[in-house]
Every structure is written in C-alpha cells, then in structure tokens.
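Supplied in structure tokens, the structure appears directly below.
We're numbering straight along the sequence, starting at 1.
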Amino acid sequence: MIRNILFDWSGTLVDDLPAVWEATNHVLSRAGVPQLTLERFRQEFCLPFARFYERYTPQVPMAQLEEWFHGRFRQLQDSVAPLPHAREFLLFCRDRGVRTFVLSTVRREYFAQQSARAGFAPFFDRPYVEIRDKRKKIRELLAENQLAPWETIFIGDMEHDIETARQGGVGACAVLTGYNRLEQLRAAGPDRIVEHLGELRAILEQTSMKRWV
C-alpha cells in the first residue's frame, strides 16, 4: 500500500515552465546565444541543469549564469501558479494519512514564496529543496524519515525524476503537466504515466492505494 508520496515541485505541483523558459532565454541572450522556442526548450532542458548550460554556454561561469537567471526569474515569480488538481490531490493525501514530501531543485526562496501563495506549505511533512541532483538525495530522504521504499512513490515531470525514483527503489509516476514530453518520459520507463494529478487520484481511489509495481 502507498503510505508515502514524494513530489517534484516545478511542473508537478506548480506551473513555472513559462517563467523558467523566459528567464533561461534571458540568460542565453546575455551569453550571445540564440533563444529557444518553448518546444525546443522542453526538448533540451535537463537536470542537473548544469548539463544544459554546459551544452549552450560553456564559456560562461555558472555563477554568472545563475546571477542572470535569478535576476530575471524574480521579476516573473508572481506568474507561478498551482497546477490544476494539485490542491485536491494534496487534500486527498492528507485525508488518507499519506505522508508527503517535496524533493526538488527549486531555490528555497522561490519554494517559500510559491508554497505560501498557493497555501501548500501545511501539506508537507518536510520539503527537500535546492537539491542539485535528486538521485543523490533520495536514499538519504528515505532513511531520515524512515520511509519504506515499497510503500513510497515519487511523482515528477522529468526524466531525472524517474531516474531518482529508480535510485531510491520507489515507485515512479510521471505527469504530463511540466517540462518533459510524453516520448521523453516514456523512454525513461516510469511505472505509470498520467495526464495530471486528478487522473492519478482516481487511480489510487480505484486501487485502494495499492502500489502498481
């Protein structure tokens, strides 16, 4: 039975894709690199994000890239909003006594502002944020909170999230509400792919919270 759920943040619970895309294009412009269409950005962007910048701006120090990115993203922060079905899914988890955690690369200041604005902060047992490589953190998260992998799933919108779930030995569920497209997620081999959290909630209700792997 599923007793614990780990959530990615961006593209899973909140929609920050337009803001991140615009801030990334700002970085590329400052670095003298052509901007990316949204479709191309979704194809190319990856985690850890240093890999993305190594391909596009290897000549610019990461500290400079981050200064440009965050300078622009802070101007776009207010556009980040909860995704449809996110609140209902968190309420569903709370009503069933499911422990919930965030495991995300999102910067702590952004998570604090976005979760407070959305009213999501009280739903989480503990957030793990500013994690550059989630694959290296998941086992520590499981151990610190005494979570049994066979009772746990990780929900995310990127290939990196599926790889992270595999690293921790937990169930992997991909949602199509964020950065990676269907073919990218399918290639990563999650246990299940859903359109959105509303669909996953219906599945969990129908299966009485049983894990599907």
Knowing that exactly one of Lys136, Lys134, Arg135 qualifies, which makes a salt bridge (charged side-chain N to carboxylate O under 4.0 Å, His left out) with Glu163?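 Single salt bridge (charged side-chain N to carboxylate O under 4.0 Å, His left out) partner of Glu163 among Lys136, Lys134, Arg135: Arg135.
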Can you tell me how far CG of Leu36 sits from OG1 of Thr24, rounded to the nearest 0.5 angstrom?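 If I round to the nearest 0.5 Å, the distance is 8.5 Å.
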Under 4.5 Å between side-chain heavy atoms, counting indirect links through other Ile/Leu/Val/Met/Phe/Trp/Tyr residues: same cluster for Val102 and Leu91 or not?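 Same hydrophobic cluster.
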Return the orientation label for the Phe124 and Trp9 ring planes: parallel under 30°, perpendicular over 60°, tilted otherwise.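 It falls in the perpendicular class, over 60°.
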So, does Arg181 use its side chain to make a donor-acceptor pair with the main chain of Arg42 at under 3.5 Å?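 No, Arg181 side chain to Arg42 backbone: no donor-acceptor pair under 3.5 Å.
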Take Ser29 and Gln35, measure what side-chain contact (heavy atoms from CB on, under 4.5 Å) needs, and give me the verdict at the end. CA-CA 6 Å; Ser29 292; Gln35 294 191 356; 2.7 Å; yes
For the student: nearest non-hydrogen atoms of Leu13 and Ala86, plus distance: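 Leu13 and Ala86 have their closest heavy atoms at O-CB, 3.6 Å.
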Taking atom types as modelled and ignoring hydrogens, do the side chains of Tyr179 and Asp8 form a donor-acceptor contact shorter than 3.5 angstrom?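 Looking only at side-chain atoms, Asp8 and Tyr179 do not form any donor-acceptor pair under 3.5 Å.
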So how far is it from Asp133 CG to Gln167 CD, rounded to the nearest 0.5 Å?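 It is 9.0 Å, given to the nearest 0.5 Å.
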Using the rule that Ile, Leu, Val, Met, Phe, Trp and Tyr join whenever any side-chain heavy atoms are under 4.5 Å apart, tell me whether Phe120 and Phe92 fall into a single cluster.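 In one cluster: yes.
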Check: Gln184/Gln43 side-chain N/O donor and acceptor closer than 3.5 Å: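 No, because no side-chain N or O of Gln184 sits under 3.5 Å from a partner of the opposite role on Gln43.
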Pairwise distance CE(Met1) to OG1(Thr207) - rounded to 0.5 angstrom: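 Interatomic distance, Met1 CE to Thr207 OG1, rounded to 0.5 Å: 9.0 Å.
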Just by distance, do the side chain of Trp150 and the backbone of Gly171 share a donor-acceptor pair under 3.5 Å?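 Not confirmed, Trp150 side chain does not pair with Gly171 backbone.
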Are Phe49 and Arg132 close enough that some pair of their side-chain heavy atoms sits under 4.5 Å apart?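 Yes, their side chains come closer than 4.5 Å.
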Please give me the minimum heavy-atom distance between Leu176 and Leu182, naming the atom from each residue.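 Closest approach of Leu176 to Leu182: CD2-CA, 3.9 Å.
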Between His196 and Phe89, does the ring centroid distance fall short of 6.0 Å?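 Not under 6.0 Å, so no.
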Answer yes if Leu47 and Val14 sit in the same cluster of Ile, Leu, Val, Met, Phe, Trp and Tyr residues linked by side chain heavy atoms under 4.5 Å apart, and no otherwise.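 Yes; Val14 is reachable from Leu47 via cluster members.
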Val80-Val27 co-clustered via ILVMFWY side chain contacts under 4.5 Å: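 Linked within one cluster.
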Between Thr105 and Glu130: side-chain donor-acceptor atoms closer than 3.5 Å: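 No - no donor-acceptor pair under 3.5 Å links their side chains.
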Keeping the roles fixed (side chain from Ser208, backbone from Lys210), state whether a donor-acceptor pair exists under 3.5 Å.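 The answer is no, because no donor-acceptor pair under 3.5 Å joins these two groups.
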Please give me the minimum heavy-atom distance between Glu199 and Ile193, naming the atom from each residue.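 Looking at all heavy atoms of both residues, the shortest contact is OE2-O, 4.4 Å.
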Less than 4.5 Å apart, side chain to side chain, heavy atoms only: is that true for Arg107 and Phe111?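 No. Closest side-chain heavy atoms not under 4.5 Å.
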If you take the centroid of each ring, where Trp contributes its six-membered ring, are Phe154 and Phe7 closer together than 6.0 Å?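 When the ring centroids of Phe7 and Phe154 are compared, they turn out to be at least 6.0 Å apart.
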Donor-acceptor pair, Thr57 side chain versus Val60 backbone, under 3.5 Å?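 No; zero donor-acceptor contacts below 3.5 Å.
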Among Arg99, Arg3, Arg94, which residue meets the salt bridge (charged side-chain N to carboxylate O under 4.0 Å, His left out) test with Asp125?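 Filter result, single survivor: Arg99.
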Is a side-chain donor-acceptor pair under 3.5 Å present for Tyr128 with Arg126?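 Note: Arg126 and Tyr128 side chains meet the donor-acceptor criterion.
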Does Met158 share a hydrophobic cluster with Leu38, counting links as ILVMFWY side-chain heavy atoms below 4.5 Å and allowing steps through other members?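 They do share one cluster, since a chain of ILVMFWY contacts under 4.5 Å joins Met158 to Leu38.
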Side chains of Phe69 and Tyr53: closer than 4.5 Å at any heavy-atom pair?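 In contact.
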In sequence, state the C-alpha distance, the side-chain angles, and the governing distance for Arg55 and Glu44, and then conclude on salt bridge (charged side-chain N to carboxylate O under 4.0 Å, His left out). CA-CA 10 Å; Arg55 289 202 306 269; Glu44 294 291 323; 3.3 Å; yes
Side chain to side chain donor-acceptor pair (under 3.5 Å) evaluation trace for Arg72 with Gln75: CA-CA 5 Å; Arg72 181 64 181 129; Gln75 299 172 345; 2.5 Å; yes
Can you find a heavy atom in the side chain of Ile155 that is under 4.5 Å from one in the side chain of Leu197?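 Of all side-chain heavy-atom pairs linking Leu197 with Ile155, at least one is under 4.5 Å.
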List the atom of Thr12, the atom of Gly156, and the distance in Å for their closest heavy-atom pair.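 Reported closest heavy-atom pair: OG1-CA, 3.4 Å.
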Would you indicate whether the side-chain heavy atoms of Leu204 and Ile2 approach each other to under 4.5 Å?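 Ile2 reaches Leu204 side chain to side chain.
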Please work out which of the three classes, parallel, tilted or perpendicular, describes the rings of Phe41 and Phe52, given edges at 30° and 60°.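 It falls in the perpendicular class, over 60°.
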Which atoms form the tightest heavy-atom contact between Ala19 and Ser79, and what is the distance?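 Minimum heavy-atom contact is CB-OG, 3.8 Å.
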Phe101 side chain reached by Glu144 side chain, heavy atoms, under 4.5 Å: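 Side-chain contact under 4.5 Å: no.
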Within the structure provided, determine whether Cys93 and Ile5 are in side-chain contact (heavy-atom separation under 4.5 Å).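 With C-beta onward as the side chain, the pair touches.
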Check the surroundings of atom CD in Glu39: do more than 12 heavy atoms from other residues, nucleotides or ligands lie under 6.0 Å from it?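 Count over threshold, so yes.
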Do the side chains of Arg201 and His85 get nearer than 4.5 Å, heavy atoms only?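 SC-SC contact between His85 and Arg201 ruled out.
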Test item: Asn25 side-chain N/O and Glu22 main-chain N/O as donor-acceptor pair under 3.5 Å: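 Not a single qualifying donor-acceptor pair exists.
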Looking at Asp191 and Arg166, does any basic side-chain N land under 4.0 Å from a carboxylate oxygen?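 Salt bridge between Asp191 and Arg166, a charged N being under 4.0 Å from a carboxylate O: yes.
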Residues Arg211 and Glu151 bridged, charged N to O under 4.0 Å: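 Answer for the salt bridge query: no.
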Sidechain-backbone polar pair: Arg30 side chain, Gln64 backbone, donor-acceptor under 3.5 Å: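 Checked: no pair found.
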Taking atom CG of Leu103 and atom OG1 of Thr164, what is their separation to the nearest 0.5 Å?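 Separation between the atoms: 6.5 Å.
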Check the pair Asn4 / Val98 against side-chain contact (heavy atoms from CB on, under 4.5 Å), numbers first and verdict last. CA-CA 5 Å; Asn4 318 297; Val98 175; 5.5 Å; no
For Arg117 and Gln114, which I'm curious about, is there any donor-acceptor pair between the side chains at under 3.5 Å?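 Absent: no donor and acceptor within the cut-off.
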Determine the minimum heavy-atom distance between Lys137 and Glu140, stating which atoms define it.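 Of all heavy-atom pairs spanning Lys137 and Glu140, the closest is NZ-OE2, 2.9 Å.
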Give, for atom OG of Ser10 and atom OH of Tyr110, the distance between the pair rounded to the nearest 0.5 Å.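 If I round to the nearest 0.5 Å, the distance is 11.0 Å.
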Working to the nearest 0.5 angstrom, can you tell me the gap between Leu142 CG and Leu147 CG?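 One finds 5.5 Å between CG of Leu142 and CG of Leu147.
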